[in-house]
Amino acid sequence: MRIDKLSVVVWRTVVVIGFVLLSVVVIWPILYTVSSALAPGRSAAGLSPMPFANGVTLDNFQYLFTQTLYATWFRNSFVIAVATAVGTMLFASLAAYVFSRFAFSFKGSLLTSMIVLQIFPSFVGMIAIYVILMRIGGLDTLWGLVLVYLGGNLPYSIWLVKSYLDTIPRGLDEAARLDGASHLRIYATIVMPIARPILLFLAVTTFAAPWMDFIFPKLVLRSPEQQTLALGLFSFVSERNSDFTTFAAGAVIVAIPFMIFFLATQRSLVTSLSTGALKE
């Protein structure tokens with residue numbers, strides 16, 4: 001009995017130490033970024049490795065909003081992320097409803113082709129994306145970048161929503177159709193409210209992806225007024241600049257909208273990942 005109790009105590013101690021170390025590894029970079037945002041000075045070389053050892057000031061945030069285009073970059077990123085999330089939810093849910101509720105020729109082939117397209121990395125089509133946007137006047141525009149994200153999001157999103165819609169009983173559709181409801185009304189008032197958890201999950205993921213993406217904004221956007229947060233913040237720590245504290249201040253603000261959105265939809269996200277609609 002003593003050996004068993006000793007082994008339990010040792011095991012619990014090891015687990016606690018492991019979780020403490022893991023927490024330090026996860027929390028330390030966040031804490032260091034916050035302390036750097038509040039530290040005086042500009043360069044990272046003058047910062048102490050201990051958080052908040054250099055003091056606390058709000059000068060970096062004041063400089064960020066008065067001497068840079070940070071507010072413009074924030075607005076651009078927010079518009080792109082919201083437009084991408086809303087557009088993906090709308091078009092993916094409409095297409096998923098068609099694939100889930102209707103039978104038509106080449107249905108299986110279309111679904112398979114969308115999955116095959118998702119296998120290829122997005123940067124493979126960068127040259128084609130650049131040429132297409134150039135010919136339709138989409139370079140250095142926010143709507144051009146939104147089109148790029150929508151095209152990349154839709155194949156997987158359609159599959160995701162369709163799989164969820166397949167679990168919703170078709171009897172609900174048939175009952176509504178007997179009452180004279182059209183397919184559009186069934187989609188909007190019956191199917192989509194039940195699919196709300198998966199749509200919220202889709203909204204979070206499609207909002208987060210373009211929020212701090214760097215590759216495609218670098219490809220599409222050119223002028224400083226059209227840049228996103230990722231491009232703007234990178235300019236603070238490029239080869240020509242070493243403004244780490246301003247970069248940290250901007251990075252702290254970047255996380256706020258996403259944290260608020262995640263906390264507001266946390267319960268629905270858990271529901272979408274753990275449960276589904278009742279099957280027939």
Side-chain angles (χ1 to χ4, degrees), residues 19-86 142 145-146 149 200-201 203-218 220-221 223-270:
F19 276 114
V20 170
L21 293 176
L22 183 62
S23 300
V24 170
V25 171
V26 173
I27 295 175
W28 186 267
I30 300 175
L31 190 63
Y32 188 78
T33 301
V34 174
S35 68
S36 299
L38 297 172
R42 289 285 181 262
S43 176
L47 296 177
S48 170
M50 295 300 297
F52 303 104
N54 295 88
V56 175
T57 180
L58 296 178
D59 292 344
N60 297 322
F61 293 94
Q62 182 180 2
Y63 176 82
L64 191 69
F65 284 100
T66 58
Q67 303 297 322
T68 71
L69 294 174
Y70 185 83
T72 302
W73 301 334
F74 191 97
R75 182 202 62 198
N76 293 342
S77 293
F78 188 78
V79 169
I80 292 170
V82 170
T84 300
V86 173
L142 302 185
L145 190 56
V146 171
Y149 288 132
L200 282 175
F201 173 78
V204 172
T205 54
T206 54
F207 180 90
W211 182 244
M212 282 303 293
D213 182 37
F214 180 83
I215 296 177
F216 284 111
K218 185 68 173 177
V220 176
L221 305 177
S223 59
E225 295 78 12
Q226 295 292 94
Q227 289 184 348
T228 60
L229 284 170
L231 297 180
L233 290 178
F234 180 76
S235 65
F236 294 144
V237 289
S238 62
E239 295 180 357
R240 291 176 292 180
N241 293 324
S242 181
D243 200 350
F244 181 76
T245 54
T246 305
F247 169 84
V252 169
I253 299 176
V254 163
I256 294 176
F258 183 71
M259 290 173 59
I260 294 174
F261 185 59
F262 177 78
L263 292 175
T265 59
Q266 184 178 10
R267 181 173 298 180
S268 297
L269 284 175
V270 173

Enquirer: What do you reckon, is CG of Leu31 surrounded by more than 12 foreign heavy atoms closer than 6.0 Å?
Expert: yes

Enquirer: Identify the two heavy atoms, one from Thr228 and one from Asp213, that lie closest to each other, and give their separation to 0.1 Å.
Expert: OG1-O, 4.3 Å

Enquirer: Can you tell me how far CG of Asp59 sits from OG1 of Thr66, rounded to the nearest 0.5 angstrom?
Expert: 9.5 Å

Enquirer: For side-chain contact (heavy atoms from CB on, under 4.5 Å), just list the numbers for Leu58 and Leu38, CA-CA rounded to whole Å, side-chain angles, deciding distance to a tenth of an Å, and then say yes or no.
Expert: CA-CA 6 Å; Leu58 296 178; Leu38 297 172; 3.8 Å; yes

Enquirer: Ser77 side chain to Phe74 main-chain N or O, any donor-acceptor pair under 3.5 Å?
Expert: no

Enquirer: Mind checking the CZ-OG1 spacing from Phe247 to Thr33? Nearest 0.5 Å is all I need.
Expert: 8.0 Å

Enquirer: How long is the span from the CG atom in Leu221 to the CD1 atom in Ile80, to the nearest 0.5 Å?
Expert: 6.0 Å

Enquirer: Between CG of Leu64 and CG of Asp243, what distance do you get to the nearest 0.5 Å?
Expert: 9.0 Å

Enquirer: Which atoms form the tightest heavy-atom contact between Asn76 and Glu225, and what is the distance?
Expert: ND2-O, 2.9 Å

Enquirer: Look at the aromatic rings of Phe236 and Trp73 and report parallel, tilted or perpendicular, splitting at 30° and 60°.
Expert: tilted

Enquirer: Counting C-beta onward and ignoring hydrogens, is there a side-chain heavy-atom pair between Tyr70 and Ile253 closer than 4.5 Å?
Expert: yes

Enquirer: Can you measure from CZ (Phe216) to CG (Leu145) and round to the nearest 0.5 angstrom?
Expert: 9.0 Å

Enquirer: Between Ser36 and Asn60, which heavy-atom pair has the shortest distance, and what is it?
Expert: O-ND2, 3.8 Å

Enquirer: Would you check if Met212 and Val254 make a side-chain contact, meaning some heavy-atom pair closer than 4.5 Å?
Expert: yes

Enquirer: If you count heavy atoms of other groups shown closer than 6.0 angstrom to OH of Tyr32, is the number above 12?
Expert: yes

Enquirer: Is it true that Phe207 and Trp211 have ring centroids separated by less than 6.0 Å?
Expert: yes

Enquirer: Which atom names give the shortest non-hydrogen contact between Pro29 and Val24, and what distance separates them?
Expert: CD-O, 4.3 Å

Enquirer: Could you state the interatomic distance from CZ (Arg75) to CG (Leu142), rounded to the nearest 0.5 Å?
Expert: 7.5 Å

Enquirer: Taking all non-hydrogen atoms of both residues into account, name the closest pair between Ala37 and Phe61 and its distance.
Expert: O-CE1, 3.7 Å

Enquirer: Just so I know, are the side chains of Phe78 and Leu229 near enough to count as touching, which here means a heavy-atom distance under 4.5 Å?
Expert: no

Enquirer: So, for Pro217 and Tyr149, which heavy atoms are closest and what is the spacing to 0.1 Å?
Expert: CD-OH, 3.3 Å

